[in-house]
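Taking it in order: structure first as structure tokens, then the write-up.
Each chain gets a letter, A, B and so on, in the order its sequence line appears, and its residues count up from 1.
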Amino acid sequence: MNLQETLSHNVKQAIKVVFDAELQSVEFQATRKEFAGDITVVVFPMLRVVKGNPVQIGEQIGQYLVEHVEEVKAFNVVKGFLNIEISDAHYINFFNGIKGQSQFGFKTPSSKEKAVMVEYSSPNTNKPLHLGHVRNVILGYSVSEILKASGKNVYKTQIINDRGIHICKSMLAWKRFGNEETPQSSGLKGDKLVGNYYVKFDKEYKVEIQQLISEGQTEEDAKKNAPILLEAQQMLLKWEAGDEEVVALWKMMNGWVYEGFDATYKSIGVDFDKLYYESQTYLLGKEFVAEGLKTGVFIKKEDGSVWCDLTEDGLDEKIVLRSDGTAVYMTQDIGTAIQRTKDFPDVGGMVYTVGNEQEYHFQVLFLIIKKLGFEWADNLYHLSYGMVDLPSGKMKSREGTVVDADDLVDEMAQTAGEISEELGKLDGYSPEEKQVLYKKIGLGALKYFILKVDPRKRILFDPKESIDFQGNTGPFIQYTYARIQSILRKSNIEDTVTLNNVDMALHPKERELIKQLELFPEVIQNAADNYSPALIANYTYELVREFNSFYQNVSILGADTDAEKVFRVQLAQSVANTIKNAFGLLGISVPERM
RNA sequence: GGCCUCGUAGUUCAACUGGAUAGAAUAUCAGAUUUCGGCUCUGAGGGUUGGAGGUUCGAAUCCUCUCGAGGUCACCA
């Protein structure tokens with residue numbers, strides 16, 4: 001039983017013994033700095049069960065706790081708040097218990113519990129990844145790690161949108177203008193190369209539209225009749241018919257893109273356990289649409305299109321199959337979801353990390369899956385995040401304001417390098433080691449910047465001003481970690497040494513630090529329940545602030561006694577380890593020096 | 001227009017899901033090192049939580065209205 005559970009149990013006991021009443025739950029919060037105490041029980045909610053003056057009730061509970069709970073040293077009541085002081089012995093015991101644990105706060109995944117599949121990143125294969133994907137990927141990866149740490153088995157996955165008119169556009173432009181250019185011949189990254197042809201298509205398309213308009217067509221007609229567009233549509237039909245030449249081209253160009261994506265994912269530091277391709281799941285979706293037609297979940301209209309009527313659920317009618325029988329996005333999403341539960345029978349739920357412009361889509365998708373009779377439909381969650389805006393507004397590919405993912409990571413590393421050259425302690429590092437480090441810091445800055453904000457909120461990203469390295473930032477936390485490592489290198493103390501130190505009096509800063517450590521398991525759980533890396537980020541920042549304050553006030557290596565010195569070194573070690581673990585949950589690595 | 005988010009110091013974000021005098025960072029100003037990494041620490045100023053009502057012991061949080069920003073309502077993805 002941890003401290004809070006012990007207290008909760010005893011507060012309930014107190015209510016039972018003193019007032020002969022049953023209390024369902026006890027509300028705790030951290031005691032505010034201006035009052036004495038470590039943890040606070042809020043008395044007000046108890047008034048529903050126990051009639052009386054909140055101050056008196058608080059006093060009586062406090063008295064009971066002091067008498068019955070070893071860890072409770074003293075208490076005071078301010079208005080309806082019972083502030084409890086905890087003994088140093090408790091904190092020392094607690095710390096002795098965790099200091100050797102490399103994974104303190106993490107639960108090991110239980111095989112009894114159903115696994116979760118987390119989808120993040122759902123790129124189209126016609127252009128490179130950009131800033132928006134970066135938020136998606138960083139967020140999804142972190143949530144996966146947090147869910148794992150909270151005791152769930154997790155499969156990380158990706159859905160690759162590898163078919164459709166957009167790919168055909170790139171393919172056609174390459175055929176027309178490409179002169180057999182390949183990533184090898186040009187030295188371009190595959191996804192960049194394919195993206196260039198998508199842009200070329202759009203340029204040519206515009207030229208043709210102008211041409212048709214000058215020949216007397218309306219703009220609307222011209223957009224429909226441009227020869228290059230018609231040809232792309234032909235190509236799509238050929239693809240669906242399995243035309244060998246088109247399929248071969250499609251495979252080749254998609255292959256280039258995957259190589260490019262892999263490089264970007266690797267650079268950002270994320271990975272996947274399983275990949276899904278829409279070209280392989282849309283057929284299963286169609287099967288289940290046919291199935292749903294039989295069972296009456298869907299209805300067929302006169303023109304042959306198939307719909308799901310959701311008006312009784314307060315939504316609209318939604319199309320699941322076109323009149324020509326081809327699949328829409330919804331069709332393949334149904335297929336993909338079902339395919340996943342077939343491939344991984346232990347999966348009991350899924351998390352979709354997708355931007356908030358698709359909230360309605362997922363609302364409908366989950367409802368349809370439920371109507372199809374899958375009980376896991378209740379465990380589907382759309383992890384919806386806000387858009388990333390630039391100072392100029394939305395990113396628009398046509399206006400060339402898209403921030404490329406690779407460029408962004410490079411720029412962050414470069415900025416980190418410039419700052420480190422000035423301030424770093426990197427004597428003896430080779431140029432290669434320095435590059436690795438700069439990347440670590442640059443990525444840390446970027447990931448932290450994105451993750452510390454509640455996913456739902458939109459982010460304003462200013463590439464020019466880049467990202468701060470001071471204050472509540474990734475590098476600030478990395479710096480604190482590196483500084484602790486420096487102390488540990490000098491200390492020569494084994495972290496396994498145990499002391500009989502239970503009678504020791506704690507310095508207030510030591511207390512605060514241990515208190516902060518004690519919160520970590522609860523924070524992980526909370527972050528998992530809320531799918532919120534921001535809670536981990538904010539916790540880590542608080543921990544680091546406490547440490548820096550401790551560091552400033554208390555000498556670690558210059559402690560008065562050996563026992564104190566060992567204790568403080570071990571405390572610093574635990575803090576460093578927790579920083580490392582917490583940052584691991586955010587997908588950020590920490591440096592030994594910087 | 002219907003539905004869904006969001007609105008908090010100049011700026012970027014918090015607020016333990018209804019709890020105490022709304023906290024940090026940044027910027028500004030004033031301080032701290034015979035000490036283990038000063039990318040540090042301590043302090044000051046800065047707020048009618050967009051606005052108006054309501055619910056109750058208690059509201060940034062819940063309800064109603066209103067203003068503002070964004071999203072979504074395709075045989076697109």
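Partners of F44(A) according to the ring pair (Phe, Tyr, Trp, His ring centres under 6.0 Å) rule, which considers only residues two or more places apart in sequence or in another chain, are F81(A). By the ring pair (Phe, Tyr, Trp, His ring centres under 6.0 Å) test, Y448(A) is found to be paired with F583(A), residues two or more places apart in sequence or in another chain being considered. Applying the ring pair (Phe, Tyr, Trp, His ring centres under 6.0 Å) test to Y479(A) and every residue at least two apart in sequence or in another chain returns nothing.
Side-chain proximity of R593(A) to rU72(B), rG37(B), rC16(B): nearest is rG37(B).
Note on Q478(A): nothing from the nucleic acid sits closer than 4.0 angstrom, heavy atoms only. Heavy atoms of S122(A) sit nowhere under 4.0 angstrom from any nucleic acid atom. At a threshold of 4.0 angstrom between heavy atoms, the contacts of N83(A) include nucleobase atoms, whether or not backbone atoms are also involved. Within 4.0 Å of E359(A), counting heavy atoms only, lie sugar-phosphate atoms of the nucleic acid but no base atom.
Counting only residues at least two apart or on different chains, no salt bridge (Lys or Arg N to Asp or Glu O under 4.0 Å) pair has a member in residues 48-59 of chain A.
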Output side-chain donor-acceptor pairs under 3.5 Å for residues 517-526 of chain A, partner residues at least two apart or in another chain, one line each.
unit_1, atom_1, unit_2, atom_2, d
E518(A), OE2, H90(A), NE2, 2.9
N526(A), OD1, N530(A), ND2, 2.8

Q.
Counting primed atoms plus P, OP1 and OP2 as sugar-phosphate and everything else as base, spell out the protein contacts along nucleotides 39-46 of chain B at 4.0 Å heavy-atom distance: B, S or - for each nucleotide, 5' to 3'.
A. BBSS----
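Nearest-nucleotide positions on RNA chain B for K33(A) and H166(A) put K33(A) closer to the 5' end.
Between the side chain of N530(A) and the base of rU17(B), a donor-acceptor pair under 3.5 Å is found.
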